[in-house]
Enquirer: 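The structure is given below, and queries will be raised subsequently.
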Amino acid sequence: MIQEALQEIQRGTAEIIDSERIEKLLTAFVKEGKTYTVKAGFDPTAPDLHLGHTVLLHKLATFQKFGARIQFLIGDFTAQIGDPTGKSETRKQLSAEQIQINAESYKTQVFKILDPEKTDVVFNASWLNELGSVGMLELTTTFNVARMLERDDFEKRYKSQTPISISEFMYPLLQGYDSVALKSDIEIGGTDQKFNLLMGRHLQRTYEVGKEQAVLMMPILEGLDGVQKMSKSLGNYIGVEDAPNDMFGKILSVSDELMWRYYELLSDKSLKEIEALESGVREGTLHPKKVKESLAHEITARFHGEDAAVAAQVEFNKVHAKSQIPTDIAEFELDAPIWIAKALQECAIEPSTSQARRDIKQGAVKIDQVKVSDEQLQLEKGEYVLQVGKRKFARAKVK
RNA sequence: GGUGAGAUAGUCAAGUGGCCAACGACGGCAGACUGUAAAUCUGCUCCCUUUGGGUUCCCAGGUUCGACUCCUGGUCUCACCA
């Protein structure tokens, strides 16, 4: 039991510091029913979560299974400084109301993965405001500049003479102090957070909390292209709020290789179950597409419910496997007669008539499932389903 | 403050008076093959119903029959020096 729990906790991690301590906490839980705390910090900026963020949440959920209470920390105080990690700009400040709105929005998204019963949502302003200037100065005496500059991005910026504000030095200290205030047993974060996470250990020692948190780091999830990290700006993400059909489709479009990565980091299936799937595929008894569908189903169901997931799967097969027309497509009213290229543009499935003409030449355009070869075609009165490629559809009512 | 370099399509990056709507790479879209896979191959990738027309290569002027390419001024970015 303990070994199994430990394996699930280690699953997919990039690095663990002090895994003995984690093992002890697990043992205490299994043998004596003792709970422990796991801290994870989040920015109160707009919580537009994608699956990359949920990797961390998943790990938290795993911990909940094995006796942890989650300290879901919203860094409303620290947001005023802005974590310098990977960024060079100072950021804009958020109003108190905005932070509150964002926090609420976090909760609705996050509790699809986490068990609210075992989660405490905390704001670090509640103790950092208390600290006062004396406490703040005291905090600064616990560390020195040379060591602070060891942090990777500080070092780089210092060497390249990019300005570093003194307040930025406060960020790791304050994040570490959060661990003192919360007396966390474990803290988890991304690999880029290593320095800050370790600061928690350092400060817990200096403030004599009586324990030093273990640290667990999760890797960055690759996006749909399988190479770069999942991020909104790169457009290779699967958003938590994506519509069921999109979500399902996006997951299915991922490469087989990447699928296993997603299984490891995003699925609730146990390691054993996943291994069984892998060997099944290797031996040819399981079709990789089936395995991928099952993953897509699991994730879609998590965010949209079982029914929506089933519907998305049915819809997907209808459109792609049987190449039929999707159920829900946008409708447009047009005036007859209308040139086909113009109609495609009006229906927003082509950006310009030039592009439309090119696609017609390539045989990518269909009307009611029939390929269009005449680029001069005029549409008369009637209702048509226009299609470009495999996934762009529109219903045109020509009057 | 001084000196030098540079600003080209979604990104990177050629072109340095006509052959330029502008090489190439990446990305994107489409077609073939498929499991909507991935990989691979092929085509396309400013706009306009196109053997053609229009508007582009930071901005404003100028030289020229003709400028992304030359000149003047401006804006911004970067590097080195102070």
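Here is the naming used below: chain letters follow the sequence lines, and residue numbers restart at 1 for every chain. Quantities reported herein were computed from a predicted structural model and do not represent experimental measurements. Values below: every heavy atom of this structure, side chains too, minus hydrogens, waters and symmetry copies.
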Enquirer: If you take any heavy atom closer than 4.0 Å to RNA chain B, which residues from residues 289-302 of chain A end up in contact?
Expert: A:Lys289, A:Lys292
Enquirer: Excluding sequence neighbours, so at least two apart, what forms ring-ring contact (aromatic ring centres under 6.0 Å, His included) with A:His58?
Expert: none
Enquirer: Could you list the cluster mates of A:Ile220? Members are the ILVMFWY residues connected by side-chain heavy atoms closer than 4.5 Å, either directly or through other members.
Expert: none
Enquirer: If I pick the C1' atom on B:C58 and the same atom on B:G54, what distance separates them, to the nearest angstrom?
Expert: 22 Å
Enquirer: Calculate the interatomic distance between A:Asn236 atom CG and B:G27 atom P; express it in whole Å.
Expert: 13 Å
Enquirer: Verify whether the ring centers belonging to A:Phe143 and A:His202 lie closer than 6.0 Å.
Expert: yes
Enquirer: Just how far is it from atom CG of A:Asp185 to atom CD of A:Gln213, taken to the nearest 0.5 Å?
Expert: 9.0 Å
Enquirer: Rounding to the closest angstrom, what is the interatomic distance between B:G24 and B:C80 at atom P?
Expert: 35 Å
Enquirer: Figure out the CZ/P separation between A:Arg391 and B:G28, and round it to whole Å.
Expert: 11 Å
Enquirer: Does the protein touch nucleotides 38-48 of chain B at the base, only the backbone, or not at all? Give it as B, S and - per nucleotide, heavy atoms under 4.0 Å.
Expert: S----BSS-SB
Enquirer: Under 6.0 Å from the ring centre and within 45 degrees of the ring axis: does the NZ or CZ of A:Lys250 meet both conditions for the six-membered ring of A:Tyr237?
Expert: yes
Enquirer: Connecting only ILVMFWY residues whose side-chain heavy atoms lie within less than 4.5 Å of each other, what is the rest of A:Phe332's hydrophobic cluster?
Expert: none
Enquirer: Starting from C1' on B:A30, measure out to CG on A:Leu344 and report it in whole angstrom.
Expert: 13 Å
Enquirer: What interatomic distance, in whole Å, is found between C1' of B:G2 and the corresponding atom of B:A13?
Expert: 31 Å
Enquirer: Through direct or indirect side-chain contacts below 4.5 angstrom among Ile, Leu, Val, Met, Phe, Trp and Tyr, which residues connect to A:Val134?
Expert: none
Enquirer: Just the rounded figure in Å: distance from C1' of B:A30 to CD of A:Glu350.
Expert: 9 Å
Enquirer: For A:Trp260, enumerate each residue passing the ring-ring contact (aromatic ring centres under 6.0 Å, His included) test, keeping only those at least two apart in sequence or located in another chain.
Expert: A:Tyr263
Enquirer: Does a side-chain heavy-atom distance below 4.5 Å link A:Val365 with A:Leu386?
Expert: no
Enquirer: As a check on the pairing definition, encode RNA chain B in dot-bracket form, counting Watson-Crick and G-U wobble pairs whose two distances are under 3.5 Å, and using | for partners outside this strand.
Expert: ((((((((.[[[..)..(.....]]]((((((.......))))))(((...)))...[[[[[..)....]]]]]))))))).
Enquirer: Let me know, please, whether A:Glu375 or A:Val388 comes out on the 5' side of the other along RNA chain B by nearest nucleotide.
Expert: A:Val388
Enquirer: For B:A9 versus B:G28, give the span between their C1' atoms, rounded off to a whole number of Å.
Expert: 13 Å
Enquirer: Say you pick atom P in B:A21 and the same atom in B:C57; how far apart are they, in whole Å?
Expert: 13 Å
Enquirer: Tell me: NZ of A:Lys392 to P of B:G28, nearest whole Å?
Expert: 13 Å
Enquirer: Could you pull out all residues at least two apart from A:Asn245 that satisfy side-chain contact (heavy atoms from CB on, under 4.5 Å)?
Expert: A:Ala312, A:Glu315
Enquirer: Looking at the rings of A:Phe72 and A:Tyr106, which for Trp means the six-membered one, are their centres under 6.0 Å apart?
Expert: yes
Enquirer: With rounding to whole Å, what would you report as the distance between B:C29 and B:G62 at their P atoms?
Expert: 44 Å
Enquirer: On a whole-Å scale, what distance lies between the C1' atoms belonging to B:A22 and B:C47?
Expert: 16 Å
Enquirer: Looking at residues 244-252 of chain A, who's got a heavy atom less than 4.0 Å off RNA chain B?
Expert: A:Gly249, A:Leu252
Enquirer: Round to a whole Å and report the spacing from CG of A:Asn317 to P of B:G35.
Expert: 13 Å
Enquirer: If you link I, L, V, M, F, W and Y whenever their side-chain heavy atoms are under 4.5 Å apart, who else ends up in the same group as A:Met217?
Expert: A:Ile17, A:Leu197, A:Leu198, A:Val215
Enquirer: How many whole angstroms separate atom NZ of A:Lys366 from atom P of B:A30?
Expert: 12 Å
Enquirer: Whole-Å distance between B:C29 C1' and A:Gln387 CD?
Expert: 14 Å
Enquirer: Taking atom P in both B:C78 and B:U63, what distance in whole Å separates the two?
Expert: 35 Å
Enquirer: Side-chain contact test, heavy atoms from C-beta onward, threshold under 4.5 Å: evaluate it for A:Leu173 versus A:Met136 and give yes or no.
Expert: no
Enquirer: Kindly state each residue pair satisfying ring-ring contact (aromatic ring centres under 6.0 Å, His included) with at least one member in residues 207-231 of chain A, sequence neighbours excluded.
Expert: A:Tyr177-A:Tyr207
Enquirer: With side-chain hydrogen bond (donor to acceptor under 3.5 Å, both in side chains) as the test, would you mind laying out the steps for A:Gln98 and A:Asn102 before giving the verdict?
Expert: CA-CA 6 Å; A:Gln98 190 56 50; A:Asn102 290 343; 3.2 Å; yes
